[in-house]
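Read the structure below first, then the notes.
Keep in mind that this is a model prediction, so the values were computed, not measured. The figures here come from the full heavy-atom set of this structure, side chains too, leaving out hydrogens, waters and symmetry mates.
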Amino acid sequence: MPIGVFARRTGLTASALRFSADSGVLTPVEVDPVSGYRYYGAERVARATALRQLRDIAMPLTAVEAVLDAEPGEASRLIDEHVAKVLGDASAVQQKAASKLLALWSAIGVTGDPLHRCTRAHYLADLYEDPAQALAWDIRALDAADAVTEQRVQQHHADLQFAGFYPSPHLNLADTYRRLGSFDAAGEHMIAAKEHAPSLPQDAYGSFLRIALDEVAEAISRRDIAKRVSAPGPAA
């Protein structure tokens with residue numbers, strides 16, 4: 001089959017297939033000597049699909065080739081090693097981000113600019129897997145938000161309406177209390193989040209928050225304490 005057809009069958013782009021062929025990882029069965037067109041056989045679909053899946057988890061091409069050519073047991077080991085490395089790298093990035101945000105928080109101080117305190121605390125809450133740790137920063141974010149004035153917001157950005165930010169800290173608190181099993185507190189913040197929801201912008205951010213509000217409300221009704229798959233922050 002021509003490279004375009006093969007690309008659609010496997011989910012790889014034509015340029016990715018050319019690169020993989022030039023690297024020797026996934027070669028075509030035939031190359032027209034005149035036109036240079038590449039043709040692939042159906043027996044290559046499984047290898048190409050596996051290549052795409054491995055590249056989707058940021059595996060280097062040399063490692064992909066080793067996995068594709070290995071026996072099943074060895075391939076599983078190589079994949080596990082790569083996933084462990086990716087998770088370790090992500091954890092290191094998360095820790096570095098938390099360290100920088102904590103330094104910014106210390107520089108601002110607990111009586112500093114409430115707009116900056118609100119945003120920093122909001123970001124910090126998302127960096128903690130432990131809901132008890134996240135809760136402390138969620139509370140700080142909402143406390144700071146209550147001290148932000150519209151005048152201060154306008155100084156930051158003339159088109160910004162701070163009312164549209166309120167659903168997010170209340171949503172975070174509702175979700176965090178839910179994960180801690182405090183469903184009454186979760187319900188109170190969910191009510192507050194929905195009261196402010198009409199102020200959400202009609203854009204991708206607003207749509208994301210509206211979907212998250214529905215997800216958390218449903219989880220509270222089920223008395224479910226598991227972390228949501230779509231929740232921000234480190235993977236569970």
Side-chain angles (χ1 to χ4, degrees), residues 1-103 122-131 133-134 175 179 203-205 207-209 211-212 215 219 224-236:
M1 67 189 81
I3 191 171
V5 175
F6 190 73
R8 289 191 292 274
R9 285 276 301 272
T10 61
L12 287 165
T13 63
S15 60
L17 285 169
R18 293 189 188 96
F19 181 73
S20 299
D22 294 342
S23 302
V25 178
L26 184 68
T27 56
V29 294
E30 180 184 342
V31 179
D32 189 296
V34 178
S35 66
Y37 290 164
R38 306 177 191 216
Y39 297 89
Y40 292 81
E43 73 280 356
R44 290 294 207 181
V45 170
R47 184 178 177 89
T49 302
L51 186 154
R52 174 180 57 77
Q53 292 170 337
L54 292 170
R55 293 293 280 168
D56 283 346
I57 59 172
M59 182 176 283
L61 200 58
T62 53
V64 169
E65 184 175 16
V67 170
L68 294 178
D69 293 338
E71 294 297 323
E74 175 65 5
S76 295
R77 184 188 68 78
L78 292 170
I79 292 171
D80 288 344
E81 283 184 358
H82 174 72
V83 170
K85 182 181 183 302
V86 169
L87 292 176
D89 291 346
S91 178
V93 170
Q94 176 197 338
Q95 291 174 7
K96 186 175 181 180
S99 179
K100 288 186 175 182
L101 284 169
L102 285 169
H122 194 57
Y123 291 142
L124 277 160
D126 287 342
L127 290 175
Y128 289 96
E129 172 62 26
D130 181 356
Q133 289 180 292
D175 203 25
R179 292 189 64 203
D203 57 12
Y205 170 76
S207 296
F208 173 80
L209 263 292
I211 292 171
E215 289 178 352
D224 182 0
I225 63 171
K227 182 177 179 178
R228 294 180 297 117
V229 174
S230 60

Please indicate whether [X] has more than 12 foreign heavy atoms, meaning atoms of other residues, nucleotides or ligands, lying under 6.0 Å from its [atom1].
{"X": "L61", "atom1": "CG", "value": "yes"}
{"X": "Y39", "atom1": "OH", "value": "yes"}
{"X": "Y205", "atom1": "OH", "value": "yes"}

- The complete set of side-chain hydrogen bond (donor to acceptor under 3.5 Å, both in side chains) pairs with one or both residues in residues 2-15, sequence neighbours excluded, reads T13-S15
Determine the minimum heavy-atom distance between [X] and [Y], stating which atoms define it.
{"X": "A70", "Y": "A75", "result": "CB-N, 3.9 Å"}
{"X": "A50", "Y": "L68", "result": "CB-CD2, 3.7 Å"}
{"X": "A14", "Y": "A7", "result": "N-CB, 4.2 Å"}
{"X": "L26", "Y": "A48", "result": "CD2-CB, 3.5 Å"}
{"X": "D32", "Y": "S35", "result": "OD1-N, 2.9 Å"}
{"X": "A212", "Y": "R228", "result": "CB-NH1, 4.1 Å"}

- Item | Partner set under side-chain hydrogen bond (donor to acceptor under 3.5 Å, both in side chains) for T49, not counting sequence neighbours | none
- Query: Taking only residues two or more places apart in sequence or in another chain, which ones pass side-chain hydrogen bond (donor to acceptor under 3.5 Å, both in side chains) with R52?
  - Reply: none
Calculate, to the nearest 0.5 Å, the distance between atoms [atom1] and [atom2] belonging to [X] and [Y] respectively.
{"X": "I225", "Y": "D175", "atom1": "CD1", "atom2": "CG", "value": "12.0 Å"}
{"X": "E65", "Y": "R47", "atom1": "CD", "atom2": "CZ", "value": "7.0 Å"}
{"X": "L17", "Y": "I3", "atom1": "CG", "atom2": "CD1", "value": "5.0 Å"}
{"X": "M59", "Y": "K85", "atom1": "CE", "atom2": "NZ", "value": "11.0 Å"}

- Note on the structure: Contacts of D224 meeting side-chain contact (heavy atoms from CB on, under 4.5 Å) (sequence neighbours excluded), chain-then-number -> R178, A219, R222, A226
- Side chains of L127 and Q133 in contact at under 4.5 Å (non-hydrogen atoms): no
- Task: Taking the side chain as every heavy atom from C-beta outward, state whether L12 and S20 have any pair of such atoms under 4.5 Å apart.
- Result: no
- Message: Going by the rule salt bridge (Lys or Arg N to Asp or Glu O under 4.0 Å), which residues pair with D22 if we only count those two or more places apart in sequence or in a different chain?
- Response: R38
- Query: What residues, two or more places apart in sequence or in another chain, satisfy ring pair (Phe, Tyr, Trp, His ring centres under 6.0 Å) together with F6?
  - Reply: Y40
- Message: Working note: E71 + R77, criterion salt bridge (Lys or Arg N to Asp or Glu O under 4.0 Å); need CA distance, chi angles, decisive distance, verdict.
- Response: CA-CA 10 Å; E71 294 297 323; R77 184 188 68 78; over 6 Å; no
- Under 3.5 Å, is there a donor-acceptor pair between the side chain of H82 and the main chain of L54? no
- State whether the side chain of S23 and the backbone N or O of V25 hold a donor-acceptor pair below 3.5 Å, judged by distance alone. no
